[in-house]
There are 2 protein chains.
Amino acid sequence: MFKKSFLKKIAKKEKVTFAFLEKQFKRGRIVIPINKKRDLTKPTALGEGLKVKINTNIGASTGKNDINQELKKLKTAINAGSDAIMDLSVGDNLNKVRKRILKNCPVPLGTVPIYQVVSEVEKRKGSFEKMTFDDVWDVLKTQAEEGVDFFTLHAGILKKTIKTIQRKKRIGGIVSRGGAILTRWMYVNNVENLIYQNFDKILDLAKKYNITISLGDALRPGAIADSSDKLQLSELEVLGQLVKRCRKKGVQVMVEGPGHIRLDEIALNMLLQKKVCDNAPFYVLGPLPTDIAAGYDHITSAIGGAIAALSGADFLCVVTPAEHLRHPSVEDIKDGVIASRIAAHSVDVLRFKDEWERDYNLSLHRARREWSSLFPLTLDPKKARHYRKDKKTSKDICSMCGNFCSLKMMEKCNLLK
Amino acid sequence: MFKKSFLKKIAKKEKVTFAFLEKQFKRGRIVIPINKKRDLTKPTALGEGLKVKINTNIGASTGKNDINQELKKLKTAINAGSDAIMDLSVGDNLNKVRKRILKNCPVPLGTVPIYQVVSEVEKRKGSFEKMTFDDVWDVLKTQAEEGVDFFTLHAGILKKTIKTIQRKKRIGGIVSRGGAILTRWMYVNNVENLIYQNFDKILDLAKKYNITISLGDALRPGAIADSSDKLQLSELEVLGQLVKRCRKKGVQVMVEGPGHIRLDEIALNMLLQKKVCDNAPFYVLGPLPTDIAAGYDHITSAIGGAIAALSGADFLCVVTPAEHLRHPSVEDIKDGVIASRIAAHSVDVLRFKDEWERDYNLSLHRARREWSSLFPLTLDPKKARHYRKDKKTSKDICSMCGNFCSLKMMEKCNLLK
C-alpha cells in the first residue's frame, strides 16, 4: 500500500524503528490516513506504540457558513499542534468549502460523508429522509476523488437497534449526528442502515483511493448515566466485525469511541475496544467524565483524554469550550487543541525520550529562571510570555513569590542542578 | 472536641450518617478545620468517604499588595465553589490583610505562618535568616488568637536532608516556598528545622485553639523528572511519624502532597500516602502530570486532580493558569477553581447520589433542549448562558448542528426518555 521510503519517513518522524512501524502497520495496529491523491507535508500515523495524536473538528454549520472563518480555525488548530482535521460542514456549498480546506490542510483530512449527503438531499428532495444509496455513493466518489484521507462511517448501528432504544430509552439519547441521521432514516423507511448494507462496495472505493475508514460510534453515550450501556457495547461488537471486513479487503481502519464515560470506566472502555476490535487504533471523542461542565468541556475532555490515552487510546478528538452550546469560534478551537495537547503529552512524556527531554529541559530552565530558554518549550509560548509580562516581575523572579522565590533561595544554597 | 450537634450538622451537609462521620473523625480519617474562635457559615469536612473538597490560595505578594483585589479573589473563589481558602500573603501589613480576609471568609481559612514570620523578620532584622523560634511563636500565637483554622507547617524537612539534596541534585529543586525558607535557614545557621524542633509546643497551641495541622510537603517535586524521588519519599516517612504525634496530642491533622507527578505514578502516590500516614486526609497541589503547560496549568492540574481524587486524595488545591508565571488575577482564580471543581465532581458523581442526579437531570434537560432548566445545573451558568447567546441559535437547537440536531431527530423517532 505504501512505499518503503514513505514508511521509513514516518518511522523517523515517529521516532520508532522501521521494523516496528512496518510490523504494526501490517497487523492493522497502526494506520496512516492518506488518500492516494494527496501529498501531505505533515502525514500522521496513529496507533499502538506511537505518540498520541489529536484531531480537530472544523466546518460550516447550517447557520454559520463563513469559509474564511473555517480556514482560520484550520490554521489555528494546526499551529496549536493538531495532527489531523475533520471537516464536519453541513449546509450549502460543501464541495467548495472542502476544496479550500483540503488545499490548506497539511495533515490528514477526514469527513463524515453522510453530512454532505443529507445537506444536499434535504435541499434537492425536501427531506433528507428520502436519501438513497445513490445519493451516498455520489458524495463518496466525489470526496474520494478530491482527496479526503479518512471517512467516518456509521456502519455499526443497525435497524434492529431501534427497537432496543425504544425499549431501553437513554438519558442522553443518540448524540452522534451521523448516528441520529441514520436512525431517523431507518425509522422512517423501515429498512436496514444503507451504509452497513453497502459496506463492501464502499470498501472497494476506499481501497482504490487508500482512504482510511473510521468506524463511527453512532451509539456513543451522551450522558454519563448511559456510560458503557448495552447499546454502546452492542454497537462495539458490530464494529469489531467490520474491522475484520476492512482488513480482509486491505482497507485501513480505525474505530471511534465515546463520548461521555464515567471516570472509573474509561480504562475499561479502552481495554474492551482494543480486545473487541483486535487492537485497531482507537479514536475517542473526549471522553467526558461529567456532564455538568458546559463552557469548560475542553477541561473535562482533557481529564478523560489523558486517562484514555494512558489506557490505550491512540487518537483524541478535540472538545472545545463551545461543546454542547454553540458552533466553536477560532478562540474555542485554540483552547480545545491546547487542552487535548496537554492530555496527549502527559502520556507521551512517559513513553518517548524527546518528549521527556522537553519537560526535563524546561524544568531545568525554570529552576534557573532562564525564561527566554523556557518559553519555546511551553505549549503556547505566546500565552506564557504574555502572563510573564507582569508589571511587578523582575528579571530573576516572578510576581508569585516575589522576593521569597524558592528557587532563588535554593541557588544560594547551591542545591540546584 | 466538637459538640454532637455540630457533627450532626456536618454529617447532614455531607450526606453521610452521623455514625460514619463520628467514626471516621475519631480515627483521624476525617478532619474539620475550624478554630475555636471561629463560627463558620460554611464549615468544611475533609477525608475518606466524604466529597472531594478544594482549596484556593489567595494573598498579597511582595510586589502585589492590594487588599481589595485579594478580597475580590476570595469572593470569586467562594462563589465558584471553593471549600477552603489559604491566605498565603507575604510582604507588609499581613495582620491587617488577614483580618480582612478572615472576616469575609465563610469557609475554613488556612495560612503558612512561616510566610509572615520571614516577612517581618526580613524587615526587622534585615534578613529572614536571622529568624528564631520566638519570632515564629509570636506569629503562631497571633494567628491562632485571630482565628486561623489550619496551619501549614513544614516540619518534615530535616537538616540531614540538605546533604541528600546536595548529593542528589534535583531538576526542579525545592519549589515549596516554606520548604525553601527552612532549608535556607538550616543551611545558613547549621541547626535543625525549628518547626520540627518545637513541634510539641506548637501542637499544644493548636490543641488549645483547635487548629488543624496541615503537614506541608517541603520536598514535593517541582518537575516530573523528580516525581516520587527519594527526597519526596523520605519526607513522607517523617510526615507519617508527625501524624502520629498530632493524633496523640488530640490535634487534627492532614498531609500535603505533590506537586509534579508522572501520570502513571499519581495513583501510587495516593495509596502510598494513605498507607504511610495511616489514612490521614490527603491534600494535594495539582498534581501536574507535565511541566510544559505554563499558562494552562489549571487544565494540567484538573487531569492530575481527577486521577488523584479517584485514588484517594481528599482535598485538591487549586492551580490557576498563572501558576509558574505570575501572581494570579481574579480571572485566573475563577478559571482555576472551576477546573478543580470539574476534577472533584468527576469523582463525587460516582460516589454521591445528589451529585449523580445533577448530571442525570442536566442530561435529561439537554436531550429535551430545556435550556433554562439546564443552565442552573452547570458549574458556571453565566458562561454557559453567554456561549448559548449565539446569534444563529434558535430556541430549539444550537448553532453546532444547526438543523441537523441529533436530539431533535431522536425526539421525532420517540427515542428519548
Side-chain angles (χ1 to χ4, degrees), chain A residues 61-63 90 165 169 171-175 177 180 184 187 223-225 263-264 289-295 299-300 302-303 306 325-327 339 342 345-346 349-350 359-360 362-363 367 378-380 383-384 387-388 390 392 398-404 406-407 409-410 413 415-417, chain B residues 61-63 90 165 169 171-175 177 180 184 187 223-225 263-264 289-295 299-300 302-303 306 325-327 339 342 345-346 349-350 359-360 362-363 367 378-380 383-384 387-388 390 392 398-404 406-407 409-410 413 415-417:
Chain A
S61 182
T62 52
V90 286
I165 310 175
K169 288 185 183 178
I171 307 311
I174 295 183
V175 293
R177 209 177 351 169
R184 175 90 186 129
Y187 178 84
I224 57 166
L263 193 68
D264 56 356
T290 166
D291 309 337
I292 67 166
I299 298 177
T300 321
I303 295 173
L325 295 168
R326 73 172 186 203
H327 194 234
I342 296 173
H345 178 78
S346 297
V349 72
L350 308 173
D359 288 60
Y360 185 97
L362 184 146
S363 289
T378 62
L379 279 177
D380 182 2
K383 186 175 183 189
Y387 261 62
R388 166 94 184 130
D390 205 57
K392 302 284 181 181
C398 80
S399 57
M400 185 83 175
C401 296
N403 300 332
F404 293 105
S406 59
L407 294 165
M409 286 189 267
M410 285 310 87
C413 305
L415 296 183
L416 286 180
K417 197 148 192 164
Chain B
S61 181
T62 53
V90 287
I165 310 176
K169 288 186 183 178
I171 308 310
I174 295 183
V175 293
R177 210 176 349 170
R184 175 90 187 130
Y187 179 83
I224 58 165
L263 194 67
D264 56 356
T290 167
D291 308 338
I292 67 166
I299 298 177
T300 322
I303 294 173
L325 294 169
R326 73 172 186 204
H327 194 234
I342 295 173
H345 178 78
S346 297
V349 72
L350 308 172
D359 288 60
Y360 185 98
L362 186 146
S363 289
T378 63
L379 278 177
D380 182 2
K383 187 175 182 189
Y387 261 62
R388 166 94 185 131
D390 205 58
K392 301 285 181 183
C398 81
S399 57
M400 186 80 176
C401 297
N403 299 332
F404 293 105
S406 58
L407 294 166
M409 286 189 267
M410 284 310 88
C413 305
L415 296 182
L416 286 180
K417 198 148 190 164

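Each chain gets a letter, A, B and so on, in the order its sequence line appears, and its residues count up from 1.
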Check [X] against [Y] and note the closest heavy-atom contact, atom names and distance.
X         : Y         : value
Ala306(B) : Leu263(A) : O-CD2, 3.8 Å
Leu407(B) : Gly172(A) : CD2-O, 3.4 Å
Ala302(A) : Ile299(B) : CB-CG2, 3.6 Å

Could you tell me if Arg177(B) sits above the aromatic ring of Phe404(A), with its cationic atom closer than 6.0 Å to the ring centre and no more than 45 degrees from the axis?
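The answer is no; the distance or angle limit is not met.
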
Heavy-atom pair count under 4.5 Å with chain A, highest-scoring of Gly173(B), Gly295(B), Ala294(B)
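Most pairs with chain A among the choices: Gly295(B).
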
Pairing residues for Ala225(A) by the side-chain contact (heavy atoms from CB on, under 4.5 Å) criterion, not counting sequence neighbours
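Residues passing side-chain contact (heavy atoms from CB on, under 4.5 Å) with Ala225(A): Ile171(A), Trp356(B), Tyr360(B).
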
Excluding sequence neighbours, so at least two apart, what forms side-chain contact (heavy atoms from CB on, under 4.5 Å) with Ala180(A)?
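Here the qualifying residues are Ile174(A), Ser406(B), Met409(B), Met410(B).
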
At what distance, to the nearest 0.5 angstrom, does [atom1] of [X] lie from [atom2] of [Y]?
X         : Y         : atom1 : atom2 : answer
Leu350(A) : Asp264(B) : CG    : CG    : 4.5 Å
Ile342(B) : Thr300(A) : CD1   : OG1   : 4.0 Å
Ile292(B) : Leu362(A) : CD1   : CG    : 7.5 Å
Thr378(A) : Leu325(B) : OG1   : CG    : 8.5 Å

Region of Val175(A) that comes under 4.5 Å of a non-hydrogen atom in chain B:
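For Val175(A), heavy atoms of backbone and side chain both lie under 4.5 Å from chain B.
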
Examine distances only and state if a side-chain atom of Asp359(A) and a backbone atom of Asp291(B) form a donor-acceptor pair shorter than 3.5 Å.
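Yes, because the side chain of Asp359(A) sits within donor-acceptor range (under 3.5 Å) of the backbone of Asp291(B).
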
Tell me, for Ile224(B) versus chain A, whether the close heavy atoms (under 4.5 Å) come from the side chain, the backbone, both or neither.
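For Ile224(B), the contact with chain A is made by backbone and side chain together.
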
Top contributor to chain B interface from Ala339(A), Ala293(A), Ala367(A), Pro289(A) [non-hydrogen pairs under 4.5 Å]
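Of the options given, most contacts go to Pro289(A).
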
